[in-house]
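Heads up: the structure comes next, in structure tokens.
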Amino acid sequence: MFTINGTDGAARRGSFITPHGVIETPVFMNVATQAAIKGGVSALDLLDIHCQTALCNTYHLHLRPGEDVVAELGGLHGFMRYPGPILTDSGGFQVFSLSGLRKISEEGVLFASHLDGRRILMTPESSMMIQGKLGSDIAMAFDECFENPATHDYAAASIERTTRWLTRCRDAWLLGRDGSTNPGQVLFGINQGGVYNDLRARHMTAIAALDLPGYAIGGLAVGESAQQREDVLRHLLPLMPIDKPRYLMGVGKPGDILLAIALGVDFFDCVLPARNARHGHVYTRQGCLNLKNEKHKQSELPIDTECHCPTCTHFSRAYLRHLLAAGEVLALRLCVLHNLYFYNTMMEQVRQAIEEKRLMTYFWENAERFDRRI
RNA sequence: GGGGGAGUUCCCGAGUGGCCAAAGGGGGCAGACUGUAAAUCUGUUGUCUACGACUUCGAUGGUUCGAAUCCGUCCUCCCCCA
């Protein structure tokens, strides 16, 4: 249900229809790992910060409160009272982030829960089953996100296994869909291959053959250089199905996102704006700044004088700096609202720029500036 | 008046002859963070002409090759007894 309404170079302006609404692309999905955006932001705030889509996590919600609890309370939409589209990540990223707490086998990944150590066997089938019960609109395939650097041999063996896992995910998904567990849910496959373009291409060919509703690029921003990342994207994107949504997982800084959009990516998510916000690192049209710095101690300015977010329309840098220094939770909330508003409205501007065929102008005017430290 | 205890670098607080510019917290200053084990983590925090030198542990005078650490005197604070 993805339609491309316009293009500007390799960039695409699309619409992706889900049971809970249309996602206008390119889109930034707001990360709500445990069914909440960290920093005290609830579903009630999402409209204010122009959020289109939320992203929740299979591994974390399986551990707590458990997918059955969520299912009983109306799935993620009912549980967190968010009526818009929701994507669930499969747990594949935790294979990377919790690498000290898991063992990989052909069957799946045996995690030692980071909460209490209890063993959790996550398989392609269980991940899909959990995501079905969570009731997300988009489910992600269970993959292995492996670290960089990785040897070519390791990467080659890993993508073979991830391909086999994807077939199992697809089968489980079809079973759930046709069995009406979650009839409207779609499955996105995930490309891996590290920084090896030959493996990225081989894997893309293999997974594209499954003809899934969408495809993601995984395993980036896990230690490789920005140059390597760009190189992978430049080689890989032309090999991805042109009529399917393309999702660059976990990326990134504003400049990273703008570049990827120019290269043809449609979906993004990243914890950076929320995490940075919690640490006082906020974005403006002129560049990013650290609110904790002494120079803002008496500043009456809002974070960004051109910003219309709830935070900038009410509060000064000096006040926010004080809240951060004092450890007040309000600081986190206000900064997160601002940064997510910045990301979401940047995407609005990008969509408009693509429609008006001036994406490159937007890119050259802003990509470097947004990431620059001021 | 008698007895006891304490004064350490921005703060609290270790240290009771050399390994002490002085542990550890806190606070301050700065940095990192990319499908969230992150309201976390890291660095730094006496001065300088800076791989070395100088000043500092209430004040001052001693002992010693060497003192934040030992001794004398003084100042300040706390507790108990009268």
Side-chain angles (χ1 to χ4, degrees), chain A residues 28-41 53-61 63-64 87-102 111-117 120 127 131 136 138-146 148 188-192 214-226 229 247-257 259-260 265 267-281 283 288-297 321 323-336 339 343 371 373:
Chain A
F28 178 77
M29 302 186 281
N30 294 226
V31 182
T33 302
Q34 307 198 69
I37 292 173
K38 290 188 192 297
V41 176
T53 309
L55 182 156
C56 302
N57 183 276
T58 301
Y59 167 87
H60 288 283
L61 292 171
L63 287 188
R64 185 172 56 193
L87 179 147
T88 41
D89 188 28
S90 61
F93 183 72
Q94 278 62 44
V95 180
F96 163 76
S97 65
L98 301 178
S99 62
L101 296 174
R102 72 359 178 215
F111 288 98
S113 160
H114 70 286
L115 297 177
D116 58 11
I120 307 291
S127 177
Q131 293 184 76
S136 58
I138 302 172
M140 296 307 299
F142 186 63
D143 62 336
E144 181 197 356
C145 177
F146 58 85
N148 183 277
F188 281 16
I190 304 175
N191 174 266
Q192 293 287 350
Y215 287 95
I217 302 162
L220 289 180
V222 291
E224 79 287 352
S225 69
R229 191 155 59 240
Y247 166 24
L248 176 54
M249 306 185 79
V251 174
K253 296 176 186 173
D256 297 332
I257 290 177
L259 173 67
V265 175
F267 285 59
F268 297 87
D269 80 279
C270 190
V271 306
L272 211 47
R275 181 180 293 165
N276 276 342
R278 276 179 271 130
H279 301 162
H281 177 133
Y283 294 91
C288 51
L289 51 88
N290 186 346
L291 280 175
K292 290 194 280 194
N293 285 175
E294 191 170 26
K295 60 185 170 187
H296 303 118
K297 190 167 190 170
R321 179 179 192 274
L323 294 179
L324 284 161
E328 287 291 342
V329 293
L330 180 58
L332 311 183
R333 174 178 157 77
L334 293 177
C335 291
V336 170
N339 271 2
Y343 266 63
D371 291 350
R373 196 57 177 270

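By convention in this document, chain letters (A, B, ...) are assigned in the order of the sequence lines, proteins followed by strands, and residues within each chain are numbered from 1.
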Could you tabulate the donor-acceptor pairs under 3.5 Å formed by side-chain atoms of residues 28-40 of chain A, not counting sequence neighbours?
| residue | atom | partner | partner atom | Å |
| --- | --- | --- | --- | --- |
| A:N30 | OD1 | A:N344 | ND2 | 3.0 |
| A:N30 | ND2 | A:F28 | O | 3.2 |
| A:N30 | ND2 | A:N344 | OD1 | 3.0 |

Exercise. Decide yes or no, distance alone: a donor-acceptor N/O pair under 3.5 angstrom between the base of B:rG35 and the side-chain of A:Q192.
Key: yes
Quiz item: Taking the nucleotide of RNA chain B with the closest heavy atom to each, which residue, A:S97 or A:N290, is nearer the 5' end?
Solution: A:N290
Quiz item: What does A:Q94 touch in the nucleic acid at a heavy-atom separation under 4.0 angstrom: a base, only the sugar-phosphate, or nothing?
Solution: sugar-phosphate
Nucleotides 39-42 of chain B: which of its N/O atoms have a protein N/O under 3.5 Å away?
| residue | atom | partner | partner atom | Å |
| --- | --- | --- | --- | --- |
| B:rA39 | OP2 | A:R278 | NH1 | 2.5 |

Exercise. Using a heavy-atom cut-off of under 4.0 Å over every strand shown, decide if A:D143 touches base, sugar-phosphate, or nothing.
Key: base
Quiz item: Using atom P of each nucleotide, how far apart are B:rG46 and B:rC20 to the nearest Å?
Solution: 16 Å
Self-check item: Spacing of the C1' atoms in B:rC12 and B:rG4 (rounded, Å)
Solution: 24 Å
Self-check item: Residue list, side chain to side chain contact (heavy atoms under 4.5 Å, CB included) with A:N290, at least two apart or on another chain
Solution: A:K292, A:N293, A:R373
Quiz item: In the strands shown, is B:rG7 matched to any nucleotide by a Watson-Crick or G-U wobble pair with both distances under 3.5 Å, and which?
Solution: B:rC75
Quiz item: With a 4.0 Å cut-off on heavy atoms, is A:R373 in touch with a base, just the backbone sugar-phosphate, or nothing at all?
Solution: sugar-phosphate
Quiz item: In chain order, what residues pass the side chain to side chain contact (heavy atoms under 4.5 Å, CB included) check against A:L332, with sequence neighbours excluded?
Solution: A:R278
Quiz prompt | Listed partners of A:H114 passing side chain to side chain contact (heavy atoms under 4.5 Å, CB included), at least two apart | solution = A:Y59, A:H60, A:L63, A:L98, A:L101
Exercise. Identify, with sequence neighbours excluded, every residue that meets side chain to side chain contact (heavy atoms under 4.5 Å, CB included) alongside A:D256.
Key: A:R229, A:V251, A:K253
Quiz item: Is B:rU40 paired to anything, Watson-Crick or G-U wobble with both distances less than 3.5 Å, and if yes, which nucleotide?
Solution: B:rA32
Exercise. Using a heavy-atom cut-off of under 4.0 Å over every strand shown, decide if A:L324 touches base, sugar-phosphate, or nothing.
Key: nothing
Quiz item: Can you name the nearest heavy-atom pair linking A:F111 to A:R102, along with the distance?
Solution: CD2-CB, 3.6 Å
Exercise. In whole angstrom, give the distance that lies between atom CG of A:D371 and atom C1' of B:rA32.
Key: 15 Å
Quiz item: Across all strands shown, which nucleotide pairs with B:rA23 by Watson-Crick or G-U wobble geometry, both distances under 3.5 Å?
Solution: none
Exercise. Just call it for A:A216: base, sugar-phosphate, or nothing, with non-hydrogen atoms closer than 4.0 Å on any strand.
Key: nothing
